[in-house]
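For reference, the structure discussed in these notes is given below.
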Amino acid sequence: MLERTSRPLRGLSNGIAGAMDAIYGALGAPGKFLQDFLNGSWLGHSLHAVLVDVVVGGSTAALLLDILRVFFGIDGLETATTWVLGLAALSALGAIVTGLTDYKDTAPDSEERDVASLHGLINIVATIGFAISFFQRLADAHDAAFWVLLVSYLVVSVGAYIGGHVVFKYGYMVNHNAFNKGKRAKDFTPVIAVTEVPEETPTKVMFGSTAVMLVRRADVVYALKETCSHAAGPLSEGELKGDTITCPWHFSTFRLVDGGVVHGPAGSRQPSYRTRVSEGMIELQGPHD
Ligand code: FES
């Protein structure tokens, strides 16, 4: 149902995602660092989710204080309510910016992007409501502000529900390797002859049923799980730059040596393997994540 409801937003969705891409592209290297910060690559998971907790928690607390004041006649709560709501509104602004940054890397013309758009638009409306209610309080119009907050809270609840749908149905901004860690080997296990892996060329090999990307430099071999932790892009088709590999889909960059995230949107490190060359074969042990 959410998919059907959000389908008409597709043109708008693609336009917004394209505009976000263009803005970050125009900002160049600083834009990349800003994007990393807003994606939460430094945090290990989405920064958007952290801010959303503050929005929902803050607006719930503000509404509860308002209910105590309006329906139970408890005095002296106005100042606390105003500033708790102010914090929630500010966090909601941050949630919009971080959300748009995550959102630009959803697949074009996908249901995931459609539903994420609906989630975002509803929460933008709620944020405007929170801001209005906050400024009404600054103007001492606390009773009118209560009703605006109540409506905005109902709106943000719908938006939050749809946000949950995006994450739990589509795996939006979750580690794509979390539920498919692949083959695990305690001992070094041969996978391919060293002569079959050209030097300085990301090469996909199979380790049991798990695809692994190898990069060989003479007898030193680096091995990372092939599927990118962000959205399962193929790392062996990525760009090798120094000691890193960049995913071809949304340009997350990982250290070859341990799969650590250098640039997002990925927030989770890429599973990596220990390697050695023995009797002409490349052997893997792991993964380690
Ligand atoms: S799949 Fe998105 S950066 Fe790799």
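In each ligand, atom 1 is the first atom listed, and ligand 1 is the first ligand listed.
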Original post:
W249 heavy atoms, cut-off 4.0 Å: which ligand 1 atoms fall inside?
Top reply: 1 (S)

Subject >> Per-atom contacts, ligand 1 versus S252 - under 4.0 Å to a heavy atom >> reply: 3 (S)

Original post:
Name the one of R113, K169, R10 that satisfies salt bridge (charged side-chain N to carboxylate O under 4.0 Å, His left out) with E3?
Top reply: K169

Original post:
Just which atoms of ligand 1 are under 4.0 Å from any heavy atom in A231?
Top reply: 1 (S)

Original post:
Using a distance-only test with no angle check, is there a side-chain donor-acceptor pair under 3.5 angstrom linking S13 and S117?
Top reply: yes

**OP:** Check whether the side chains of T101 and Y24 place a donor and an acceptor atom closer than 3.5 Å, and report yes or no.
**Re:** yes

**OP:** Evaluate the side-chain proximity of F71 to D66: yes if any heavy-atom separation is below 4.5 Å, no if none is.
**Re:** no

Subject >> H250 and H230 aromatic ring geometry - parallel, tilted or perpendicular at 30°/60° bounds >> reply: perpendicular

Subject >> Under 2.8 Å: N/O/S of C247 next to atom 2 (Fe) of ligand 1 >> reply: no

Original post:
Does R276 CZ have over 12 foreign heavy atoms under 6.0 Å away?
Top reply: yes

Original post:
Against heavy atoms of H230, which atoms of ligand 1 measure under 4.0 Å?
Top reply: 1 (S), 2 (Fe), 3 (S)

Subject >> N/O/S atom of H250 inside 2.8 Å of atom 2 (Fe) of ligand 1, strictly under >> reply: yes

**OP:** Give the numbers and elements of all ligand 1 atoms closer than 4.0 Å to a heavy atom of C228.
**Re:** 1 (S), 3 (S), 4 (Fe)

**OP:** Using a strict 4.0 Å cut-off to heavy atoms of G233, name the atoms of ligand 1 that fall inside it.
**Re:** 1 (S)

